[in-house]
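Shown next, in structure tokens, is the structure this report addresses.
Note: hydrogens, waters and symmetry copies are ignored here, and every other heavy atom, side chains too, is used. Everything numeric in this text was worked out from a predicted model, so none of it was measured. Convention: sequence-line order gives letters A, B, ...; per-chain numbering from 1.
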Amino acid sequence: MGTVTGPSLEAFLPELPEVEITRRHLEEAMVGRRLERVRVTHTRTARYNATTGEVESRLSGRRVDTVGRHGKFLVIGLDDGYTMVAHMGMSGRFSVAAKTDEEAPHTHFVAVLDDGAEVRFIDPRTFGFIAVFDEDELSDSALSRLGPDAWVDPPSVPILMRALNGRTAPIKALLLDQGPIAGLGNIYADEALHLAGIHPLTPGGGLDATEVAGLLLAIQKVLSEAIESGGTTLDDLAYLLPDGQAGDNLSRLGVYARTDEPCLKCGTPVERIVVRARSTHFCPRCQAL
DNA sequence: AACGATCCCTGTTGGC
DNA sequence: TGCCAACAGGGATCGT
């Protein structure tokens, strides 16, 4: 992983690998710790059933038992049975900081731990959120509608076949949906489809067992490589991993953000189309319809 | 039910 | 050079 120095601006879009790396940092910092004081300073950061003040009071004084993840959601178990659920949206990042560290712009959440460290949530575009749910609220939340986690609980070929059966929507859209499989965002959906040689507009129900098996393998490969290399840090915004480092996965991308550049497998220029209002990159030769 | 369009938000970029 | 519209995207919501 590259350490960022000076004024260079780097970003990453938090998808499963980036959320998993964040989870590991937060687990190290938070498990067994008590949240002494919690501050939520942006109304959009507290979402669903709770105001900023309610999130603060539900978290303050609680001890963290577990830090888990399902898809792109962080799932933090508290000692009173409540669950803190966090989503980093598109611009959110967590930072584990010392009390004396200067607060970054757009810091909307600060938890002071009983060892003096602070867990901060920084989110310029406020697409992310932090919620605290009891059991009923949790079972009624978006978490309950997620498919199996693409990394720790990947669906088998028959399970994914069944989820895609009869679906006419493009496979790209279904990968982003989080229902058939949870954790892929725009970058890794494009990368997995490219690696599997599947055109993004292929109707989900039109994939045969061989193609679904290949897609699942491709998903495992792009996710594991991204996690190992520290996630994908793009160079247009200033978002970093919790320890201030940038991920190194950018150079591994085959199609994402490579419009008109040669496909690394065959040299054909990468094409960009829009699917469900999301930019979609693919090689027209390796991924023929 | 499934699908697609629209909205939220702001730092950055590209065109004039 | 300066201004402003366009762009980026995860998930919620709404209309068909």
>> Rounded to whole Å, please give me the gap between CG in A:Asp177 and P in B:dA2.
In response: 10 Å
>> Can you work out whether A:Ala173 or A:Thr126 has the more 5'-proximal nearest nucleotide on DNA chain B?
In response: A:Ala173
>> Could you check whether A:Glu225 pairs with A:Lys221 (Lys NZ or Arg NE/NH1/NH2 to Asp/Glu carboxylate O, under 4.0 Å)?
In response: yes
>> Let me check something: do A:Leu207 and A:Phe282 share a hydrophobic cluster, defined by ILVMFWY side-chain heavy atoms less than 4.5 Å apart, either directly or through other members?
In response: no
>> Once you apply a heavy-atom cut-off of 4.0 Å, does A:Pro105 come out as touching a base, just sugar-phosphate, or nothing?
In response: nothing
>> In whole Å, I'd like the distance from the NZ atom of A:Lys72 to the C1' atom of C:dG11.
In response: 9 Å
>> It should be established whether A:Ser91 places a side-chain nitrogen or oxygen under 4.0 Å from OP1 or OP2 of nucleotide B:dG11.
In response: no
> Can you get from A:Leu176 to A:Phe127 by hopping between Ile, Leu, Val, Met, Phe, Trp and Tyr side chains that sit under 4.5 Å apart?
Replying inline: no
> Hey, are A:Glu20 and A:Arg69 close enough for a salt bridge, meaning a charged N less than 4.0 Å from a carboxylate O?
Replying inline: yes
>> When you measure from the side-chain N and O atoms of A:Gln178 to the phosphate of C:dG11, is any distance below 4.0 Å, counting only OP1 and OP2?
In response: yes
> Quick one: is A:Arg44 getting a side-chain N or O under 4.0 Å of the B:dC7 phosphate, OP1 or OP2?
Replying inline: no
>> Just N and O in the side chain of A:Tyr256: are any of them under 4.0 Å from OP1 or OP2 of C:dG9?
In response: yes
>> For C:dA8, does the base pair up with any side-chain atom of A:Arg125 as donor and acceptor (N or O, under 3.5 Å, distance only)?
In response: yes
> Do the side-chain N and O atoms of A:Tyr188 and A:Glu18 include a donor-acceptor pair separated by under 3.5 angstrom?
Replying inline: yes
>> From CG of A:Leu176 over to C1' of C:dA12, roughly how many Å is that when rounded to an integer?
In response: 15 Å
> In terms of side-chain heavy atoms of A:Ala169, which of C:dG10, C:dG11, B:dC3 is nearest?
Replying inline: B:dC3
> Atom CG of A:Leu175 to atom P of C:dG9: distance rounded to whole Å?
Replying inline: 15 Å
> C:dG9 C1' sits how many Å from A:Glu18 CD, rounded?
Replying inline: 14 Å
>> Measure CG/A:Leu184 against P/C:dG10 and give the value in whole Å, please.
In response: 11 Å
> Expressed in angstrom and rounded to an integer, what is the separation of A:Arg93 atom CZ from C:dG9 atom C1'?
Replying inline: 18 Å
> Which of these nucleotides, C:dG11, C:dG9, B:dC3, is closest to any side-chain atom of A:Leu174?
Replying inline: B:dC3
>> So that I can tick it off, tell me whether A:Asp190 and A:Lys172 are bridged by a salt bridge, with the cut-off set at under 4.0 angstrom between side-chain N and carboxylate O.
In response: yes
> Nearest of B:dC3, C:dA8, C:dA12 to any side-chain atom of A:Arg167?
Replying inline: B:dC3
> OP1 or OP2 of B:dC9 sitting under 4.0 Å from any side-chain N/O of A:His106?
Replying inline: no
> Counting side-chain heavy atoms from CB outward, which of B:dC3, C:dG9, B:dG11 is closest to A:Arg278?
Replying inline: C:dG9
>> Is A:Phe127 stacked against the base of C:dG11, taking the criterion as centroid distance under 5.5 angstrom and interplanar angle under 30°?
In response: no
> Counting side-chain heavy atoms from CB outward, which of B:dT6, B:dC3, C:dG10 is closest to A:Thr168?
Replying inline: B:dC3
> When the distance from CZ of A:Phe129 to P of C:dG9 is rounded to whole Å, what number comes out?
Replying inline: 20 Å
> Choosing from B:dA2, C:dG9, C:dG11, which nucleotide comes nearest the side chain of A:His87?
Replying inline: C:dG11
